[in-house]
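Numbers for residues simply follow the sequence, beginning at 1. Quantities reported herein were computed from a predicted structural model and do not represent experimental measurements.
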Amino acid sequence: MEHFEGYKLERPSLNYVENLIGARDLDFEQKFISLLKSEFSWDLGKYLYHIKLGEPRAAAEIVHKLKYKISILGMEKTFLFAEEHKERLHSGDTVFDDDFKEVLKKINIFLEFI
């Protein structure tokens, strides 16, 4: 667990997106953010659905998608945490589910206000 220790302190940001796009194309940046919000919302719903149905392996596939959105939001340790959670879900272990839901809640709130 040491490789992702401190992930709970990370906060999402748009620094990566801003550096990738730069200040020259605000229209593209807004489209990118809109797509990120839409995909995150869809994946969040699918993750919660599979967890509720007791389908950890299916949830792991959604975590795989979510971890790249986590990376885009500059949350490096949280990305490592998501990777560990995904691997555990593949083996049927949901021990990190509550913590992962807290991460998703933090990101969802951030995305609602940008």
Side-chain angles (χ1 to χ4, degrees):
M1 188 160 162
E2 297 155 3
H3 61 285
F4 56 81
E5 190 172 311
Y7 76 93
K8 290 182 180 184
L9 301 175
E10 286 186 314
R11 298 285 175 242
S13 77
L14 293 177
N15 292 341
Y16 175 80
V17 175
E18 291 166 353
N19 289 334
L20 179 68
I21 298 169
R24 49 194 182 274
D25 197 345
L26 293 177
D27 186 46
F28 181 76
E29 181 179 336
Q30 287 304 312
K31 288 178 183 176
F32 185 89
I33 291 170
S34 178
L35 180 62
L36 178 64
K37 287 179 174 183
S38 174
E39 286 187 6
F40 179 83
S41 178
W42 179 256
D43 290 340
L44 171 62
K46 289 189 336 189
Y47 173 79
L48 295 173
Y49 173 79
H50 288 300
I51 289 296
K52 183 177 180 178
L53 291 180
E55 300 173 338
R57 287 162 193 82
E61 298 306 314
I62 305 306
V63 173
H64 180 76
K65 294 178 182 182
L66 284 165
K67 72 180 185 173
Y68 292 106
K69 292 164 184 72
I70 289 168
S71 178
I72 288 170
L73 294 171
M75 303 171 74
E76 295 173 14
K77 291 181 180 186
T78 306
F79 176 89
L80 296 173
F81 169 70
E83 180 65 25
E84 178 69 22
H85 182 45
K86 180 188 85 164
E87 294 303 319
R88 287 178 180 244
L89 286 171
H90 272 299
S91 65
D93 183 354
T94 60
V95 69
F96 289 142
D97 177 57
D98 287 339
D99 288 338
F100 193 68
K101 285 178 183 171
E102 286 299 315
V103 166
L104 297 176
K105 180 179 177 181
K106 182 188 321 182
I107 292 171
N108 197 44
I109 290 169
F110 174 79
L111 292 175
E112 283 181 9
F113 290 102
I114 60 169

Check: Could you walk me through whether Gln30 and Leu26 pass the side-chain contact (heavy atoms from CB on, under 4.5 Å) check?
Finding: CA-CA 6 Å; Gln30 287 304 312; Leu26 293 177; 5.5 Å; no
Margin query: To check you understand the geometry: which heavy-atom pair defines the closest contact between Leu111 and Lys37, and what is its length?
Written below: O-CE, 2.8 Å
Item checked: Nearest-0.5 Å distance, NE2 of residue His3 to NZ of residue Lys77 -> 11.5 Å
Note to self: The criterion is side chain to side chain donor-acceptor pair (under 3.5 Å); which residues satisfy it with Glu55, sequence neighbours excluded?
What the structure shows: His50
Notebook entry, point to check: Hey, what do you get for OG (Ser41) to CD (Glu112), rounding to the nearest 0.5 Å?
Noted result: 9.0 Å
Notebook entry, point to check: Within the side chain of Asn108, is there an N or O that forms a donor-acceptor pair under 3.5 Å with the backbone of Leu104?
Noted result: no
Note to self: Quick check: closest heavy atoms across Ile70 and Ala82, and the distance to 0.1 Å?
What the structure shows: CD1-CB, 4.0 Å
Notebook entry, point to check: Hey, is CD on Glu76 packed in by over 12 heavy atoms from elsewhere, all under 6.0 Å?
Noted result: no
Check: What's the shortest heavy-atom distance between Pro56 and Gly92, and which atoms?
Finding: CG-CA, 3.8 Å
Margin query: Hydrophobic clusters here meaning ILVMFWY residues chained together by side-chain heavy-atom distances under 4.5 Å, can you tell me if Leu14 and Leu35 are in one?
Written below: no
Check: Would Ile72 and Phe40 count as a side-chain contact (heavy atoms from CB on, under 4.5 Å) if you check the C-alpha gap in whole Å, the side-chain angles of each, and the deciding distance to 0.1 Å?
Finding: CA-CA 11 Å; Ile72 288 170; Phe40 179 83; over 6 Å; no
Item checked: Distance in Å, Ile107 CD1 paired with Leu73 CG, rounded so as to fall on 0.5 Å steps -> 5.5 Å
Next item on the list: Starting at OG of Ser34, measure out to CD of Glu39 and round the result to the nearest 0.5 Å.
Entry: 10.0 Å
Notebook entry, point to check: Hey, is Glu102 close enough to Lys106 for a salt bridge, meaning N to O under 4.0 Å?
Noted result: no
Next item on the list: Would you check if His90 and Glu61 make a side-chain contact, meaning some heavy-atom pair closer than 4.5 Å?
Entry: yes
Check: Do Phe113 and Ile109 have side-chain heavy atoms sitting under 4.5 Å apart?
Finding: yes
Next item on the list: Answer whether the closest heavy-atom distance between the side chains of Ile62 and Trp42 falls below 4.5 Å.
Entry: no
Margin query: Can you tell me how the ring of Tyr47 sits relative to the ring of His85, calling it parallel under 30°, perpendicular over 60° and tilted otherwise?
Written below: perpendicular
Margin query: Are Tyr68 and Val17 linked, directly or through intermediate hydrophobic residues, by side-chain heavy-atom contacts shorter than 4.5 Å (ILVMFWY only)?
Written below: yes
Margin query: Nearest 0.5 angstrom please: Ile33 CD1 to Ser38 OG, how far?
Written below: 13.5 Å
Note to self: Suppose we screen for salt bridge (Lys or Arg N to Asp or Glu O under 4.0 Å). Which residues come up paired with Lys65, at least two apart in sequence or across chains?
What the structure shows: none
Next item on the list: Using a 4.5 Å cut-off on heavy atoms from C-beta on, say whether the side chain of Leu80 contacts that of Glu84.
Entry: no
Check: Are Tyr16 and Ile114 connected in a single hydrophobic cluster, I mean Ile/Leu/Val/Met/Phe/Trp/Tyr linked by side-chain heavy atoms less than 4.5 Å apart?
Finding: yes
Checklist line | Separation of Glu87 CD from His64 NE2 (nearest 0.5 Å) | finding: 10.0 Å
Item checked: Considering all heavy atoms, the nearest Phe79-Ser71 contact -> CD1-CB, 3.8 Å
Next item on the list: Identify whether Phe100 and Leu9 are in the same connected component of the hydrophobic contact network (ILVMFWY, side-chain heavy atoms under 4.5 Å).
Entry: no
Notebook entry, point to check: Under 4.5 Å between any side-chain heavy atoms of Leu89 and Lys86, yes or no?
Noted result: no
Notebook entry, point to check: Which heavy-atom pair separates Tyr7 from Asp99 by the least distance, and what is that distance?
Noted result: OH-CB, 3.2 Å
Item checked: Heavy-atom closest pair, residues Lys101 and Leu48 -> CE-CD2, 3.9 Å
